[in-house]
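Residue indices begin at 1 and follow the sequence shown.
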Amino acid sequence: MTFTVAIDGPAAAGKGTISKAVAARLGFAHLDTGLLYRAVGAQVLRGVDPEAAARALTAEDLEAEDLRRAAVAQEASKVAAIPAVRAALVEFQRAFARRVGGAVLDGRDIGTVICPEAEVKLFVTASPEVRARRRHAEQVAQGADDPYEIVLAEVRARDDRDMNRTDAPLKPAEDAVVLDTSDLSIEAAVARALEIIDMRRGQGASG
Ligand code: CDP
Ligand code: CDP
């Protein structure tokens with residue numbers, strides 16, 4: 001059985017949290033595709049050519065310690081606008097999506113470009129202020145001290161680059177269900193996502 005759940009949306013909307021919970025509940029594999037772009041961004045900050053970095057990416061690169069840094073996130077959204085970088089990462093993501101047993105992929109273009117045939121597509125979003133507050137809280141918990149206003153500016157800069165690039169811009173697929181988590185607890189957001197997935201599974205979607 002293959003079954004693909006595509007979860008897209010802007011930074012700190014709750015994609016990763018929802019994806020992990022849903023994958024655990026359904027016994028599906030999970031791929032955070034943002035890590036691919038972050039890993040390329042981290043290499044570029046070390047002086048490597050972006051396309052070369054994307055072509056040479058290994059599973060180990062996705063486990064590097066520094067990928068969550070704010071500077072890496074910004075660099076990730078810059079390299080993500082380069083078509084040759086995106087092209088080098090497509091096949092790995094598609095193969096992951098076709099895994100027997102089911103897969104959840106989260107990112108920006110999973111429902112639109114990587115897996116247009118996904119059985120379920122969710123577009124998880126929240127206001128920029130709510131997302132910046134969440135990211136700021138995470139950074140404070142990790143000992144970083146950028147003020148909220150800086151985190152909000154970074155979120156907006158990344159939204160802007162991700163939504164306005166020519167190749168695979170961030171936008172909901174036409175057949176995506178939009179899930180606004182601005183006023184939802186994590187538990188409520190996960191429950192809603194599972195309801196939507198169960199509905200599609202009940203309709204006998206399979207491949
Ligand atoms: O993957 P993405 O960047 O979309 O977001 P995330 O890493 O899943 O969530 C960002 C932060 O928001 C995490 O600290 C979550 O615990 C938190 N969150 C929340 O407070 N309420 C939600 N409904 C979803 C996530
Ligand atoms: O966790 P967060 O939502 O903050 O970011 P991420 O998912 O780790 O993605 C980092 C950056 O990679 C994004 O701002 C995008 O520019 C890029 N990205 C992309 O272009 N396509 C994807 N499928 C996933 C990430």
Side-chain angles (χ1 to χ4, degrees), residues 2-20 22-24 28-118 121-124 135 138-139 142 144 154-155 157-171 173:
T2 66
F3 190 99
T4 307
V5 180
I7 303 191
D8 292 305
K15 304 179 301 294
T17 304
I18 293 171
S19 297
K20 277 192 206 91
V22 159
F28 286 12
H30 169 226
L31 178 64
D32 171 359
T33 66
L35 285 180
L36 304 172
Y37 296 91
R38 284 174 182 262
V40 173
Q43 295 285 328
V44 170
L45 290 175
R46 290 186 200 105
V48 180
D49 169 73
E51 188 180 344
R55 287 181 183 281
L57 214 60
T58 67
E60 266 171 37
D61 296 330
L62 305 184
E63 281 157 26
E65 296 280 311
D66 63 346
L67 299 187
R68 286 286 141 213
R69 285 173 42 220
V72 171
Q74 291 299 324
E75 193 59 35
S77 73
K78 291 178 190 164
V79 302
I82 304 171
V85 166
R86 304 199 72 83
L89 301 175
V90 167
E91 212 28 64
F92 174 76
Q93 296 174 80
R94 289 198 177 139
F96 193 98
R98 286 193 299 264
R99 260 173 198 233
V100 173
V104 182
L105 285 80
D106 76 285
R108 300 291 184 288
D109 64 338
I110 308 304
T112 50
V113 173
I114 300 296
C115 304
E117 311 293 333
K121 297 181 187 178
L122 291 179
F123 191 85
V124 179
R135 204 38 47 99
E138 282 177 341
Q139 293 182 1
Q142 287 160 9
E154 285 174 351
V155 161
R158 210 136 61 85
D159 283 357
D160 192 54
R161 273 199 291 273
D162 290 348
M163 293 188 296
N164 293 309
R165 66 182 175 224
T166 313
D167 191 13
L170 170 65
K171 63 173 181 201

Undergrad: Please determine whether side chain to side chain donor-acceptor pair (under 3.5 Å) holds for the pair R108 and Y37, giving the CA-CA distance in whole Å, both sets of side-chain angles, and the decisive distance to 0.1 Å.
TA: CA-CA 11 Å; R108 300 291 184 288; Y37 296 91; over 6 Å; no
Undergrad: Not counting sequence neighbours, which residues clear side chain to side chain donor-acceptor pair (under 3.5 Å) with K15? List them please.
TA: none
Undergrad: Got a sec, which residues hit side chain to side chain contact (heavy atoms under 4.5 Å, CB included) with T166, two or more places apart in sequence or on another chain?
TA: none
Undergrad: Return yes if some donor-acceptor pair links the side-chain N/O of R94 with the main-chain N/O of I114 below 3.5 Å, else return no.
TA: yes
Undergrad: Main chain of E138, side chain of R135: is a donor-acceptor contact present, judged purely on distance under 3.5 Å?
TA: no
Undergrad: Do D61 and T58 pass the side chain to side chain donor-acceptor pair (under 3.5 Å) test, and can you show the C-alpha distance, the side-chain angles, and the key distance before you say yes or no?
TA: CA-CA 5 Å; D61 296 330; T58 67; 3.3 Å; yes
Undergrad: Please enumerate all residues that pass side chain to side chain donor-acceptor pair (under 3.5 Å) together with D8, with sequence neighbours excluded.
TA: none
Undergrad: Salt bridge (Lys or Arg N to Asp or Glu O under 4.0 Å) with R158: which residues, sequence neighbours excluded?
TA: none
Undergrad: Judged by atom type as modelled, is there a donor-acceptor pair below 3.5 Å linking the side chain of Q93 to the main-chain atoms of L89?
TA: yes
Undergrad: Keeping the roles fixed (side chain from D49, backbone from A52), state whether a donor-acceptor pair exists under 3.5 Å.
TA: yes
Undergrad: Name every donor-acceptor pair, under 3.5 Å, that has one atom in a side chain of residues 66-75 and the other anywhere in the protein, sequence neighbours excluded.
TA:
unit_1	atom_1	unit_2	atom_2	d
D66	OD2	R46	NH2	3.1
R68	NH2	D32	OD2	3.0
Q74	OE1	R161	NH2	2.3
Q74	NE2	E154	O	3.1

Undergrad: If you look only at distance, which donor and acceptor atoms sit under 3.5 Å apart when one is on a side chain in residues 96-103 and the other is two or more places apart or in another chain?
TA:
unit_1	atom_1	unit_2	atom_2	d
R98	NH2	E91	OE2	3.4

